[in-house]
2 protein chains.
Amino acid sequence: MRNDSRLSRMLHVLIHMDKHQHSATSDMIAKMLNTNPVVVRRTMAGLREQGYVRSEKGHGGGWTLVRPLSDITLLDVYRAIGEPHLFAIGPADDQPQCLVEQAVNIALGDAMKEAQALLLRRLDSVTLDKIAADFEAKLTAHPATSYSCAS
Amino acid sequence: MRNDSRLSRMLHVLIHMDKHQHSATSDMIAKMLNTNPVVVRRTMAGLREQGYVRSEKGHGGGWTLVRPLSDITLLDVYRAIGEPHLFAIGPADDQPQCLVEQAVNIALGDAMKEAQALLLRRLDSVTLDKIAADFEAKLTAHPATSYSCAS
DNA sequence: CAAATCGTAACAAGACAAGTAACATGATAC
DNA sequence: GTATCATGTTACTTGTCTTGTTACGATTTG
Ligand code: FES
Ligand code: FES
């Protein structure tokens with residue numbers, strides 16, 4: 001569990017949802033993600049709140065994709081899951097009045113801000129249908145590959 | 001303890017070591033960092049191995065800066081402490097054979113690789129004396145500020 | 001009503017930096 | 001040469017965050 005994989009997982013789910021027309025239950029998605037349905041509901045809640053997917057209770061219910069993949073960027077998904085912390089490193093807060101610590105944290109913070117801006121810009125520039133197209137390309141390149149779990 | 005602050009802490013220490021000529025004990029540094037001496041020794045071990053500082057046992061011992069700040073970049077320090085993980089997010093590894101998961105992880109990984117490259121490039125472009133100069137500038141701008149802990 | 005399905009709260013597990021305690025080792029002072 | 005100072009190292013605990021799990025309630029369909 002070394003890294004936060006929510007963004008990666010949600011992208012995976014959304015693209016699969018686009019392939020299958022019918023709705024997917026949390027149980028099915030959980031098997032896809034090799035986890036359990038509560039984790040799925042927890043993570044997908046943000047996507048529902050932002051209007052990217054819809055969930056329906058009861059018999060025959062489940063999750064459905066509401067908007068086309070071409071309308072959703074990686075950044076949208078990142079925001080929808082609550083903009084989790086991107087970096088594992090960060091400033092020290094040991095002597096907040098020390099001007100050296102301040103200067104260090106500013107230098108470090110500047111570099112991190114730039115890297116974060118670049119990353120978010122990159123996420124914003126890619127829509128999910130682009131990744132789906134990459135997937136299709138792989139599929140035609142290696143048609144023999146079994147690309148599926150149980151779903 | 002939300003973030004890994006080793007890099008920030010070590011930069012802080014190295015700059016202070018340059019200001020004070022005499023050697024600093026792990027105890028003194030620990031007070032500076034609001035922590036305890038074992039953490040200091042643990043974190044500074046890498047800096048010693050890379051030859052940026054030297055440590056001496058016994059009465060009158062402690063840590064001394066071996067190389068001038070202008071010879072040390074932020075990247076050098078980052079490497080010396082063992083290149084800890086930069087990102088808190090990462091790829092999912094739930095269905096490694098799924099071509100969708102692969103495509104997602106490639107897209108995400110590309111963006112992260114670029115951001116990481118930018119960050120490391122930035123760290124490489126800044127030497128510690130640059131931060132020390134920023135500190136001096138602050139000091140002359142606000143000479144009344146008490147900028148010191150107990151050290 | 002019964003079964004399916006989501007929503008949510010509460011709690012356990014795993015990972016990892018940070019904090020702490022204990023003890024060995026080496027160097028200096030007297 | 002002994003006491004003291006200081007680092008080196010190991011082992012263990014703590015804090016925090018994602019992930020996993022269990023339990024239960026609410027809603028929809030058959
Ligand atoms: S999880 Fe991607 S194929 Fe089933
Ligand atoms: S810690 Fe920076 S002034 Fe003492």
Note to self: Considering every strand and a 4.0 Å limit on heavy-atom distances, what is the contact class for A:R54: base, sugar-phosphate, or nothing?
What the structure shows: nothing
Check: Within the structure, does a side-chain N or O atom of A:S26 lie under 4.0 Å from either OP1 or OP2 of C:dT5?
Finding: no
Check: Linking Ile, Leu, Val, Met, Phe, Trp and Tyr through side-chain heavy atoms less than 4.5 Å apart, which residues share a cluster with A:L118?
Finding: B:L118
Short N/O separations, protein against nucleotides 15-17 of chain C, under 3.5 angstrom:
unit_1 : atom_1 : unit_2 : atom_2 : d
C:dC16 : OP1    : A:R2   : NE     : 3.0

Item checked: salt bridge (Lys or Arg N to Asp or Glu O under 4.0 Å): pairs with one or both residues in residues 84-98 of chain B, sequence neighbours excluded -> A:R9-B:D94
Item checked: Electrostatic pair B:D134-B:K138, nearest N-O below 4.0 angstrom -> no
Where do N or O atoms of nucleotides 1-3 of chain D meet protein N or O atoms at under 3.5 Å, pair by pair?
none

Checklist line | Working for salt bridge (charged side-chain N to carboxylate O under 4.0 Å, His left out), residues A:E136 and A:K19 | finding: CA-CA 11 Å; A:E136 298 288 357; A:K19 301 254 166 282; 3.2 Å; yes
Check: Does A:F87 have any ring-ring contact (aromatic ring centres under 6.0 Å, His included) partners at least two apart in sequence or in another chain, and if so, which?
Finding: B:F87
Item checked: Integer-rounded Å distance: D:dG8 C1' and B:L47 CG -> 16 Å
Item checked: Distance test, side-chain N/O of A:S55 to OP1/OP2 of C:dG7, below 4.0 Å -> yes
Check: CG of A:D93 versus P of D:dT16: gap in Å, rounded?
Finding: 13 Å
Short heteroatom pairs, N/O only, protein and nucleotides 21-30 of chain D, under 3.5 Å:
unit_1 : atom_1 : unit_2 : atom_2 : d
D:dT28 : O2     : A:H59  : N      : 3.3

